[in-house]
Protein chains: 2
Amino acid sequence: MYAPERQQEILRLARDGGRVDVVSLAEEFQVTAETIRRDLKALDRAGLIRRVHGGAIPAGRLDFEPDLAERESTAADEKDRIARAALAELPAEGTVILDAGSTVARMAAAIPPEATLTVVTHSLPIAARLADHPGIQLHIVGGRVRHRTRAAVDAWALRAYGEIRADVAVVAANGFSVEHGLTTPDLAEAAVKRAALTAARRVVLLADSSKYAQEHFARFGALGDVDLLITDTGLTPEDAGDIERAGTEVVRA
Amino acid sequence: MYAPERQQEILRLARDGGRVDVVSLAEEFQVTAETIRRDLKALDRAGLIRRVHGGAIPAGRLDFEPDLAERESTAADEKDRIARAALAELPAEGTVILDAGSTVARMAAAIPPEATLTVVTHSLPIAARLADHPGIQLHIVGGRVRHRTRAAVDAWALRAYGEIRADVAVVAANGFSVEHGLTTPDLAEAAVKRAALTAARRVVLLADSSKYAQEHFARFGALGDVDLLITDTGLTPEDAGDIERAGTEVVRA
DNA sequence: CTCAAGCAGGCATGAACGGGCATCGGCGTG
DNA sequence: CACGCCGATGCCCGTTCATGCCTGCTTGAG
């Protein structure tokens, strides 16, 4: 049996039964658990199933995001400190653009209940969290929703950001460096990020130190476009100095 | 049972019953209270429930106008039947507009994983549910988000619906009658609903029978704008007859 | 104010995971 | 036909995850 056939069959089993688990699939198909894990990983990347510890569940069956809890594992501590530091950069009253990204989402979740802000975002998870915040006037930016990031992109999003001016934009990047600026893997998402930071008077970048010197496919701005970078202590003082000389204030939380 | 499955189930229990408590959940799922607490913490972080001493209560109400958990439980059975019947009205492939509303949300949650559709919605809860559905190309309509209904309204939303054409619009109403048409309490929301149904070739209204002969502040269309009404058996055959004579097909699920 | 119930955090453990490396077999190229 | 490449699979081992247990702290009902 070829791998794609097996994967197809796994998908069918997952949808029929609502769940599959690694060990019984391994028995079923007479292969090792590693192979099954690889299959599940492939199906997960394709967005067809959702991986869980010990097996998988067909996509769309959960109406919440396990990865919001999962992601916390990766550099959770740093992200938390960054998120808390970023709160101080929000204006007391005014308009804020929030980019998609787990660190930004954490910051959004930590906005105190008594805050009064106007928030504009193209991130579905962030919007969901802020939707019942009594003091926040929330605006969602429309567009095609990318499955992976649950962020709105394309024409509607670009136009919406082109029509507004905000006091602060809080953005995330998958990679940043003095030479190559701000990068992310997806072109459409990069375009929206670019529109978002253009729409704000002040740009705050949240990025843990593992993103430093990383480059990804799509560039959406120069480091010089960023007024303030909030990162963690994993960024060396020398690197921080380089960035500050380029005109971006650096906070190492 | 996987942790996310358990969490999903806890969420369902919380929404159904309006509350859950740690010890009975621990018994129910045959795990220790610590595990349940971790689950509740995860759900709390995701913003879906609110933690209280000894248990939790649902927070993410994907609910409609007037009240909170009361509505969700009221007529839950009818709404489920209506939602299931509505599934049959979705095209096999094509574009669908989904209005905000708990019955529509139930239908959205029941869309099978193998469906391939383009969905446009201004409802945050519905978007959240469909965001990781592999076969669905999701578009969110932007706008100001109303806290009550978590639906986008105002200029961005109206313009977006003005720019598209869909095969079917599935809409909800707080009140409907032959004389006064389709009504809802909020003007801004009514405007969006009107735009949504204008953008579709075929309009399906989901409304349980308690909505019949109700009138609310803002009118967004005539019953004649609706091609098909799906309701429950609480609507008398005579009333159904009246409606059908006005040109709207009626299904009593 | 008291105190049992509930809670957070630390620690232990077994299962699950993932990356690196070796092997195998098919397939195209020369 | 021989060779080498590459994808698929299996194996190994250090790491992470989910869960349970324990301990000391917090909470809130009486």
Side-chain angles (χ1 to χ4, degrees), chain A residues 1-11 13-14 17-46 48-59 61-62 64-81 83-84 102 106 109-110 148 208 210 214 234, chain B residues 1-11 13-14 17 19-46 48-59:
Chain A
M1 169 174 271
Y2 301 123
E5 293 179 299
R6 193 178 49 237
Q7 288 166 13
Q8 196 60 33
E9 187 63 10
I10 290 173
L11 178 59
L13 288 172
R19 63 190 307 245
V20 287
D21 75 280
V22 174
V23 282
S24 29
L25 287 174
E27 264 180 48
E28 169 89 20
F29 293 109
Q30 289 293 302
V31 293
T32 57
E34 287 86 337
T35 302
I36 296 295
R37 286 199 202 98
R38 283 188 258 251
D39 288 336
L40 294 181
K41 192 193 285 182
L43 289 167
D44 187 35
R45 263 202 302 270
L48 297 169
I49 61 170
R50 184 129 244 166
R51 197 65 215 288
V52 300
H53 203 74
I57 296 174
R61 211 161 191 286
L62 280 343
F64 71 102
E65 316 187 60
D67 36 323
L68 257 172
E70 275 174 44
R71 293 257 177 81
E72 292 172 11
S73 53
T74 317
D77 236 34
E78 288 78 3
K79 289 183 173 183
D80 248 348
R81 286 202 305 278
R84 268 198 303 278
S102 62
R106 283 181 158 232
R148 277 223 100 69
D208 62 83
S210 70
Q214 296 284 313
Chain B
M1 169 172 268
Y2 304 128
E5 291 180 299
R6 194 176 49 236
Q7 288 161 13
Q8 171 78 14
E9 189 61 13
I10 289 173
L11 180 59
L13 287 171
R19 57 177 316 231
V20 287
D21 74 281
V22 174
V23 282
S24 31
L25 287 175
E27 265 180 47
E28 169 89 19
F29 293 111
Q30 289 292 300
V31 294
T32 57
E34 286 88 331
T35 302
I36 296 296
R37 285 199 202 97
R38 283 188 257 250
D39 289 337
L40 294 181
K41 191 193 286 182
L43 289 168
D44 188 29
R45 275 194 153 148
L48 296 164
I49 61 170
R50 202 149 45 94
R51 197 64 216 288
V52 298
H53 200 74
I57 56 177

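Remember, predicted model here, so these are calculated numbers, not experimental data. Chain letters run A, B, ... following the sequence lines, proteins first, then strands; residues in each count from 1.
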Between [N] atom [atom2] and [X] atom [atom1], what is the distance in whole Å?
{"X": "B:Tyr2", "N": "D:dT19", "atom1": "OH", "atom2": "C1'", "result": "16 Å"}
{"X": "A:Arg51", "N": "C:dA15", "atom1": "CZ", "atom2": "P", "result": "17 Å"}
{"X": "A:Arg37", "N": "C:dG20", "atom1": "CZ", "atom2": "C1'", "result": "15 Å"}
{"X": "B:Glu27", "N": "D:dG20", "atom1": "CD", "atom2": "P", "result": "14 Å"}
{"X": "B:Asp21", "N": "C:dA5", "atom1": "CG", "atom2": "C1'", "result": "12 Å"}
{"X": "A:Leu25", "N": "C:dA16", "atom1": "CG", "atom2": "P", "result": "13 Å"}
{"X": "B:Leu40", "N": "C:dA8", "atom1": "CG", "atom2": "C1'", "result": "14 Å"}
{"X": "B:Ile36", "N": "D:dA18", "atom1": "CD1", "atom2": "P", "result": "15 Å"}

Residues which pass salt bridge (Lys or Arg N to Asp or Glu O under 4.0 Å) with B:Arg38, listed by chain and number, not counting sequence neighbours: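 B:Arg38 satisfies salt bridge (Lys or Arg N to Asp or Glu O under 4.0 Å) with no residue once adjacent residues are dropped.
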OG1-CZ distance between A:Thr35 and A:Arg6, expressed to the nearest 0.5 angstrom: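 Answer rounded to 0.5 Å: 6.0 Å.
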Euclidean distance, B:Glu5 CD relative to B:Asp39 CG, rounded to 0.5 Å: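 The CD atom of B:Glu5 is 11.5 Å from CG of B:Asp39, to the nearest 0.5 Å.
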Minimum-distance nucleotide (side-chain atoms of B:Lys41 versus C:dG6, C:dG9, C:dG19):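 Closest nucleotide among those given: C:dG9.
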Proximity to the side chain of B:Ala3 - top-ranked nucleotide from D:dG10, D:dT19, C:dA8: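 For the B:Ala3 side chain, the nearest candidate turns out to be D:dT19.
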Closest non-hydrogen atom pair between B:Leu40 and B:Ile10, with its separation: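 For B:Leu40 and B:Ile10, the tightest heavy-atom pair comes out as CD2-CG2, 3.8 Å.
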CD (A:Gln214) with more than 12 external heavy atoms under 6.0 Å: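 Counting neighbours around CD of A:Gln214, more than 12 heavy atoms of other residues, nucleotides or ligands fall under 6.0 Å, so yes.
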Greater than 12 external heavy atoms within 6.0 Å of B:Arg19's CZ: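 12 or below, so no.
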A:Gly54 backbone acceptor or donor facing B:Tyr2 side chain under 3.5 Å: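 It does hold such a pair.
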Axis-to-axis angle between the two ends of the helix from C:dC1-D:dG30 to C:dG30-D:dC1 (five base pairs per end, rounded to 10 degrees):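 Rounded value for the end-axis angle: 40°.
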Pair B:Arg51 + B:Asp44, salt bridge at N-O below 4.0 Å: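 Answer for the salt bridge query: no.
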Trace of the side chain to side chain contact (heavy atoms under 4.5 Å, CB included) decision for A:Arg37 with A:Glu34: CA-CA 5 Å; A:Arg37 286 199 202 98; A:Glu34 287 86 337; 4.0 Å; yes
Contact state string [nucleotides 21-30 of chain D, B base, S sugar-phosphate only, - no protein heavy atom under 4.0 Å]: BB----SS--
